[in-house]
Amino acid sequence: MAALNLLEPDVTPRVSDHIPQIIELVQSLVDKELAYAVDGDVYYRVKAFGGYGKLSKRNIDEMFESAGSRIDVDERKETPLDFALWKAAKPGEPSWDSPWGAGRPGWHIECSAMSSTHLGDCFDIHGGGRDLIFPHHENEIAQSQGAHGEDTFSKYWVHNGFIDFAGEKMYKSLGNFFTTREIINLYDPESVRYFLLTVHYRSGLNFEVAVSCPACGADLDKARQESGTCACGVTTGREALRQRVRFPGLEEADDRLAYVYKTLQAARIFLAGAKRPAAEEPVLEHVATLLADFEAHMSNDFNTSGALGVLSKPLAEANTLLASGKGVSKAVRYLTLEKFVADMAVVAEILGCFGQDADTWLRGRRDQKAARLGLDRDRVEQLVADRVAARSAKDWEGADRIRAELTELGVNVQDGPDGSQWSFL
RNA sequence: GGCGGCAUAGCCAAGUGGCUAAGGCAACGGUCUGCAAAAUCGUCAUCCCCAGUUCGACUCUGGGUGCCGCCUCCA
């Protein structure tokens with residue numbers, strides 16, 4: 001979690017530490033006749049709670065009719081929709097004493113009990129996967145509002161979509177999923193975070209999976225990923241195939257992140273080497289509205305995708321300014337870049353992205369890749385130095401020869417006003 | 001079978017009852033560069049199908065198709 005820049009929860013409550021609160025909550029529902037006890041079980045009387053179904057937009061009357069058509073109904077319940085708040089103990093199960101005998105909590109009640117214990121009867125946001133909307137969250141509402149009143153419990157619901165790998169399902173030959181650990185071993189955790197941010201939280205997210213044949217290096221299409229057999233005739237086992245997995249979506253995210261960091265880095269270098277103008281002047285249009293545009297999207301149900309989108313124009317504007325001061329005054333150039341850097345810091349704080357030191361991030365990215373590819377860095381540095389020497393002697397042929405050599409190694413050299421930098425192709 | 005959600009360019013993905021339907025990737029064409037890369041500029045969609053409502057719908061309603069989720073002691 002820390003690697004993904006997620007904050008630690010303040011409280012991680014355990015059900016077994018809240019049995020008294022749970023019993024108290026169940027009792028209050030019984031007292032209000034919203035629940036009834038049968039043979040040591042306690043069930044919620046769904047029909048007695050008027051708002052049932054409002055979260056999942058289900059019609060309760062239709063549900064009463066169709067419920068039970070697929071499963072056997074416990075005859076002791078008043079209606080099939082009634083759900084357990086407390087279950088009588090079965091032999092061998094952990095249990096606690098209660099007014100209804102030894103038993104354990106039902107499967108929704110702890111959320112109601114623990115949320116009111118730690119957050120109070122009313123709180124702002126309740127999250128969860130969209131698969132939990134019915135019945136889990138619906139039942140939580142029935143329990144909490146039944147006990148505490150109609151205007152209590154969560155003000156907003158945040159239901160997130162799911163992550164898929166390679167579309168509908170995973171391939172048998174690859175296994176069914178990849179862990180976060182496996183993925184951040186391959187890609188920078190911040191790139192993963194950025195990738196997650198490129199879609200709205202309510203939408204699902206698909207990790208496209210690319211796999212190449214260990215024998216010939218050809219990319220395997222879906223059918224071949226499934227079978228593990230390449231066109232070249234070689235069949236690869238699951239573990240070996242998993243070693244060959246790439247996530248194109250994450251690579252794209254990683255490149256985008258690098259673009260942002262490079263821009264930020266260049267802007268900081270520029271500002272460090274220039275003088276701040278004495279008088280204030282209006283900054284260029286896209287940078288001027290960056291923060292307001294960004295926040296408008298974020299304020300609209302955490303639209304991170306839209307928010308990321310509005311960063312493009314100011315980013316390009318900054319890069320244009322960085323490349324040349326043509327057409328703008330020195331003051332506007334400086335002040336625009338200054339505001340760009342400052343506002344991006346605010347954006348970084350909100351997103352948990354773009355907040356690292358650009359030099360460190362960029363260098364770390366390159367070093368990690370060099371290590372993974374087993375690149376001989378000393379040799380690369382030497383070749384780059386040789387090429388710089390050749391260039392300053394205007395030995396273009398020699399310089400080109402060295403560039404070709406570096407290309408062989410998968411390395412690209414960029415010539416800039418401040419010298420030559422190398423990176424990966 | 002029932003209920004809920006989604007369906008936007010080659011790919012990813014925002015968005016709106018009427019103004020140019022964001023942005024990214026890819027592609028193509030410029031600028032820049034000794035070469036190149038990076039950067040930058042430009043080009044690239046009428047929004048799953050059918051029928052309605054409306055002066056006008058991609059955006060609303062109904063039907064269809066496809067995909068996802070739930071209805072299974074998993075919270």
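Quick note on labels: first sequence line is chain A, next is B, and so on, each numbered from 1. Basis for what follows: all heavy atoms, side chains included, without hydrogens, waters or symmetry-related copies.
- Distances shown here put every side-chain N or O of A/N303 at or beyond 4.0 Å from the OP1 or OP2 atom of B/rA14.
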Might you work through the side chain to side chain contact (heavy atoms under 4.5 Å, CB included) test for A/Y156 and A/H126, ending with a clear yes or no?
CA-CA 6 Å; A/Y156 299 97; A/H126 190 137; over 6 Å; no
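- Nearest to the side chain of A/N412, among B/rG34, B/rA14, B/rA37, sits B/rA37.
- Distance CZ (A/F270) to P (B/rA39): 19 Å, rounded to an integer number of Å.
- A/A323 comes within contact range of no nucleotide atom at all, as no heavy-atom separation falls under 4.0 Å.
- Side-chain proximity of A/K87 to B/rG34, B/rU40, B/rC73: nearest is B/rC73.
- Distance from the side chain of A/K90 is smallest for B/rC73 among the nucleotides B/rG15, B/rG34, B/rC73.
- For B/rC12, its base never sits under 3.5 Å from the side chain of A/N206 at any donor and acceptor pair.
- Across B/rG64 and B/rG30, the matching C1' atoms stand 47 Å from one another, rounded to whole Å.
- As rounded to the nearest Å, B/rG18 and B/rU46 have C1' atoms that lie 14 Å from one another.
- Within the 4.0 Å cut-off from OP1 or OP2 of B/rA14, at least one side-chain nitrogen or oxygen of A/S203 is found.
- Here the P atom of nucleotide B/rA39 and the CG atom of A/L264 are 14 Å apart, to the nearest Å.
- As rounded to the nearest Å, B/rU61 and B/rG69 have C1' atoms that lie 25 Å from one another.
- With a 3.5 Å ceiling on both atom-pair distances, B/rA22 lacks any Watson-Crick or G-U wobble partner.
- One atom, NE2 of A/H136, and another, P of B/rC3, lie 24 Å apart when rounded to the nearest Å.
- Residue A/Y259 has a polar side-chain atom (N or O) positioned under 4.0 Å from OP1 or OP2 of B/rU40.
- Closest to the A/V199 side chain, of the nucleotides B/rA14, B/rG69, B/rG34, is B/rA14.
- For B/rA22, the OP1/OP2 oxygens have no side-chain nitrogen or oxygen of A/K313 closer than 4.0 Å.
- On the C1' atoms, B/rA9 is 36 Å away from B/rG2, given to the nearest whole Å.
- Base pairing analysis places B/rC44 opposite nothing; no Watson-Crick or G-U wobble pair with both distances below 3.5 Å involves it.
- In this pair, A/Y261 and A/F354 present their aromatic rings perpendicular. The plane angle is above 60°, beyond the 30 to 60° band.
- If you check B/rA14, B/rC73, B/rC35 against the side chain of A/H200, the one that comes closest is B/rA14.
- At a cut-off of 3.5 angstrom, the base of B/rC6 holds no donor-acceptor pair with the side chain of A/R130.
- Rounded to a whole Å, the CG atom of A/L362 is 12 Å from the P atom of B/rA39.
- In a base pair of the Watson-Crick type (N1 to N3 plus N6-O4 or O6-N4) or a G-U wobble (N1-O2 and O6-N3), with each distance short of 3.5 Å, B/rU54 is matched with no nucleotide.
- Classified by interplanar angle (parallel below 30°, tilted 30° to 60°, perpendicular above 60°), the ring pair A/H137/A/W157 is tilted.
- Distance from the side chain of A/R403 is smallest to B/rA36 among B/rG24, B/rC41, B/rA36.
- Within the cation-pi definition used here (under 6.0 Å to the ring centroid, within 45° of the axis), A/R76 does not qualify as a partner of A/Y43.
- In this structure, A/N139 and A/W107 have side chains that are not in contact, with every pair of non-hydrogen atoms separated by 4.5 Å or more.
- B/rC44 sits 14 Å from B/rC11 when the C1' atoms are compared, rounded to a whole Å.
- Between the P atom of B/rU40 and the NZ atom of A/K326 lies a distance of 16 Å, rounded to the nearest Å.
- Side-chain atoms of A/D121 and A/T152 include no donor-acceptor pair closer than 3.5 Å.
- Among the nucleotides B/rG69, B/rA38, B/rG24, the one closest to the side chain of A/D131 is B/rG69.
- If you measure from atom CD of A/E138 to atom C1' of B/rG5, you get 15 Å, rounded to the nearest angstrom.
- Across all strands shown, B/rU16 has no partner, as no Watson-Crick or G-U wobble contact with both distances under 3.5 Å is found.
- Within the 4.5 Å cutoff, side-chain heavy atoms of A/S420 are placed close to those of A/R391.
- Of the candidates B/rC71, B/rA13, B/rA36, B/rA13 carries the atom nearest the A/S305 side chain, counting heavy atoms from C-beta on.
- Distance CZ (A/R256) to C1' (B/rG23): 8 Å, rounded to an integer number of Å.
- Across all strands shown, nothing is found opposite B/rU72 as a Watson-Crick or G-U wobble partner with both distances under 3.5 Å.
- A/H297 has its NE2 atom 11 Å from the P atom of B/rG23, to the nearest Å.
- For the P atom pair drawn from B/rG24 and B/rG42, the interatomic distance equals 11 Å after rounding to whole Å.
- In this entry B/rA39 has B/rU31 as its Watson-Crick or G-U wobble partner, both defining distances falling under 3.5 Å.
- Rounded to the nearest Å, the gap between the C1' atom of B/rC32 and that of B/rA39 is 9 Å.
- Nucleic acid contact for A/V413: base, since at least one base atom lies under 4.0 Å from a heavy atom of the residue.
- Note: A/F302 and A/Y201 have perpendicular aromatic rings, judged against thresholds of 30 and 60 degrees for the angle between ring planes.
- Between the C1' atoms of B/rC48 and B/rG66, the separation comes to 8 Å (whole Å).
- Within the nucleic acid shown, A/D255 has no heavy atom closer than 4.0 Å to any nucleic acid atom.
- Interface remark: the A/R387 side chain does form a donor-acceptor pair with the B/rG34 base, using a distance-only criterion of under 3.5 Å.
- Across all strands shown, B/rG66 is found opposite B/rC6 as a Watson-Crick or G-U wobble partner, with both distances under 3.5 Å.
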